[in-house]
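A short write-up of the structure that comes next.
The figures that follow rest on heavy atoms only: side chains count, while hydrogens, waters and symmetry mates do not. Please read all numbers here as calculations on a predicted model, not as lab measurements. Naming: A, B, ... by sequence-line order, numbering from 1 per chain.
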There are 2 protein chains.
Amino acid sequence: MTERAADRAADLAADRVVPEAARRRRRPTKQGTVLSQQVIVDTALRLVGQHGAQAFSVRRLGAALGADPSAIYRYFHSTDDLLLAVADELIGLGLHGWQPTGDWRADLREVGLRIHAHSLAHPQAAVLAVYRTTGRANEIRAIETMLGILRDAGFPDPDAVSLYHAFIDQALGFAVLDSAALALPAPAQHADLAVWDTAYRTLSPDTHPHIAATTHLLAADMRRSAYPLALDLLLTAVAARLPAPE
Amino acid sequence: MTERAADRAADLAADRVVPEAARRRRRPTKQGTVLSQQVIVDTALRLVGQHGAQAFSVRRLGAALGADPSAIYRYFHSTDDLLLAVADELIGLGLHGWQPTGDWRADLREVGLRIHAHSLAHPQAAVLAVYRTTGRANEIRAIETMLGILRDAGFPDPDAVSLYHAFIDQALGFAVLDSAALALPAPAQHADLAVWDTAYRTLSPDTHPHIAATTHLLAADMRRSAYPLALDLLLTAVAARLPAPE
DNA sequence: AGCTTATGACAACAGCATTGACGTGTGAAG
DNA sequence: CTTCACACGTCAATGCTGTTGTCATAAGCT
């Protein structure tokens with residue numbers, strides 16, 4: 001988990017790892033699995049989805065694959081390198097099959113909600129990897145698409161870039177936050193929610209008038225993600241910045 | 001790291017841990033330190049700040065304290081329980097010494113920037129704990145303050161609550177995202193940034209016209225946090241929702 | 001002064017990521 | 001069709017990790 005970066009920078013360095021494209025021999029494991037980057041990433045996503053982020057370890061991944069854990073290091077430099085591949089896979093899943101409609105605001109809204117929803121569908125993986133810059137294929141495609149939406153809408157380049165940045169980081173920020181809550185072990189998750197019904201419910205109106213006046217609203221609202229509202233607020237303000245056409 | 005929640009729910013259960021208020025005996029460790037929840041939290045923050053999030057482990061914390069690692073379990077049920085205390089400490093640091101001015105928009109802006117800045121000042125700790133609901137003293141104070149700002153500004157209760165939710169989660173989301181980037185080991189952090197100058201710089205205008213047209217802007221913009229812009233966009237949209245007074 | 005017990009220390013356990021050495025079966029070369 | 005190199009799966013070992021059960025000792029009450 002420590003030198004992933006150097007590894008990525010020097011992908012061709014003398015290493016255990018052979019680039020996926022250059023692989024010729026594929027020897028099945030004792031248990032018969034034929035390994036590949038794709039198989040490992042898929043298995044990692046499945047493992048984490050079924051048994052939670054705490055269940056993610058190289059050893060367990062090896063077991064799930066039907067291979068010795070150390071075999072994974074023939075395909076990824078480190079667990080962190082593997083995580084980057086998982087992150088990129090998530091981005092790809094989020095954009096799969098989607099096409100822009102030409103309505104920039106609706107398109108951005110849809111993309112934002114898709115990214116958010118797909119992270120929540122794999123919260124454990126999202127929490128581990130969403131904040132990374134992967135530089136891999138799916139990430140590049142996503143950026144090209146979103147930048148295109150803003151530029152085609154008529155935003156000048158500097159605005160398009162900074163608004164894209166605000167938009168995507170808002171989406172990823174909420175994705176991480178909401179995923180993290182979902183990724184907690186079940187009892188912890190329940191306890192975090194229960195706080196709104198216990199600790200906050202018992203505060204005196206004298207010392208905490210604003211909380212006391214809104215406990216019911218708070219307890220209800222905190223169960224939902226605030227992202228849809230935050231996204232709409234952002235898009236509203238962005239629309240106000242759109243230069244008049246021509 | 002597994003049953004923290006149950007522990008919190010049953011704070012009084014038959015446990016190793018004595019509530020801080022009920023402590024009578026304070027026996028110094030072999031190396032002379034006198035332990036307390038506060039000392040442990042402070043040391044954890046310092047440790048993580050100096051040596052990075054990867055340096056955080058119960059054993060290292062024990063060493064930094066001058067105590068056996070297992071002594072920590074006399075003060076916290078688990079590492080996760082300790083993390084909640086650290087999170088609350090961060091919130092407290094962020095609000096320390098601040099007073100609302102009465103201008104709701106300026107106040108929210110200030111609080112948002114403070115939360116974000118304080119997380120970045122302890123990125124390693126922020127990443128571990130910012131998304132938790134602690135239910136502890138500082139968190140309660142922060143919520144009361146922010147709800148008050150919105151309600152006093154004239155937002156009806158349901159709006160005040162949902163707008164508070166969107167505001168705080170956006171602040172925390174960006175805090176986690178930007179902290180995570182800062183918390184990466186130095187070489188990894190550098191590599192993630194370098195991607196903008198390498199991978200994205202070499203894309204052809206034919207296949208990726210939008211990225212190609214803005215690479216310089218992208219590389220520059222991605223070095224900064226998008227939070228100030230996102231915050232201003234959010235506040236602009238919120239202001240538009242403020243009911244006319246009286 | 002004496003007693004209880006809170007609390008720090010110690011040792012042990014199971015699980016973790018990672019690495020180096022090893023041998024086997026694959027796929028290419030002739 | 002045989003040979004051969006070496007890619008890649010396996011094994012074993014290292015030094016981490018969080019957590020717990022047991023013990024002894026000193027703090028503070030009576």
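- In this entry the distance linking CG of B:Leu65 with C1' of C:dA9 reads 14 Å, nearest Å.
- In terms of polar N and O atoms assigned as donor or acceptor, the side chain of B:Arg24 never comes within less than 3.5 Å of the base of D:dG28 in a complementary pairing.
- Backbone-only contact: B:Ala67 has heavy atoms under 4.0 Å from sugar-phosphate atoms and none from a base.
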Sort me out a list of protein N/O and nucleotides 13-17 of chain D N/O pairs below 3.5 Å, or just none if empty.
unit_1, atom_1, unit_2, atom_2, d
D:dT17, OP1, B:Ser57, OG, 3.1

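- Using a 4.5 Å heavy-atom threshold, the side chains of A:Trp196 and B:Thr133 count as touching.
- Rounded to an integer number of Å, the gap from A:Arg74 CZ to D:dC6 P is 14 Å.
- The CZ atom of B:Phe167 sits 6.0 Å away from the CG atom of B:Leu231 when rounded to the nearest 0.5 Å.
- Look at CG on B:Asp68: it is 14 Å from P on D:dT20, rounded to the nearest Å.
- Between A:His116 and A:Phe174, the ring planes are perpendicular. Angles over 60° get that label, and only those under 30° would be called parallel.
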Distances under 3.5 Å only, N/O to N/O: pair up the protein atoms with those of nucleotides 2-5 of chain D.
unit_1, atom_1, unit_2, atom_2, d
D:dA5, N3, A:Arg25, NH2, 3.4

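- Between B:Lys30 and C:dC10 there is a side-chain N or O to OP1 or OP2 distance below 4.0 Å.
- For A:Tyr75 and D:dG9, the shortest distance from a side-chain N or O to OP1 or OP2 is below 4.0 Å.
- A search for side-chain hydrogen bond (donor to acceptor under 3.5 Å, both in side chains) contacts involving A:His51 returns nothing, not counting sequence neighbours.
- In terms of phosphate contacts, A:Arg26 brings no side-chain nitrogen or oxygen within less than 4.0 Å of OP1 or OP2 of D:dC8.
- In this view, A:Gln38 and A:Asp42 satisfy the side-chain hydrogen bond (donor to acceptor under 3.5 Å, both in side chains) rule, not counting sequence neighbours.
- Base engagement by A:Ser70 is indicated by at least one non-hydrogen atom pair under 4.0 Å involving a base atom.
- Nucleotide C:dC16 holds its P atom 12 Å from the CD1 atom of A:Ile72, rounded to whole Å.
- Scanning all heavy atoms of the two residues, the minimum distance from B:Thr145 to B:Arg141 falls at OG1-O, 2.8 Å.
- Here D:dA26 presents its P atom at 16 Å from CG of B:Leu35, a figure rounded to the nearest Å.
- Judged as a side-chain hydrogen bond (donor to acceptor under 3.5 Å, both in side chains), and not counting sequence neighbours, A:Tyr75 has no contacts.
- For the residue pair A:Glu20 and A:Ser36, the shortest heavy atom distance occurs at OE2-CB, 3.5 Å.
- Residue B:Arg27 places a side-chain atom within donor-acceptor reach of the base of D:dT25, judged by atom type and a 3.5 Å distance cut-off alone.
- For A:Tyr73, there are no ring-ring contact (aromatic ring centres under 6.0 Å, His included) partners, not counting sequence neighbours.
- Atom CZ in B:Arg23 sits roughly 13 Å away from atom P in D:dG28 (whole-Å rounding).
- Of the listed nucleotides (D:dT20, D:dA7, D:dT10), D:dT20 has the atom at the smallest distance from the side chain of B:Tyr73.
- With 3.5 Å as the limit, one finds no donor-acceptor pair spanning the side chains of A:Arg16 and A:His77.
- B:Asp81 has its CG atom 12 Å from the P atom of D:dT20, to the nearest Å.
- Straight-line distance from the CG atom of A:Leu61 to the P atom of C:dC16: 12 Å, rounded to whole Å.
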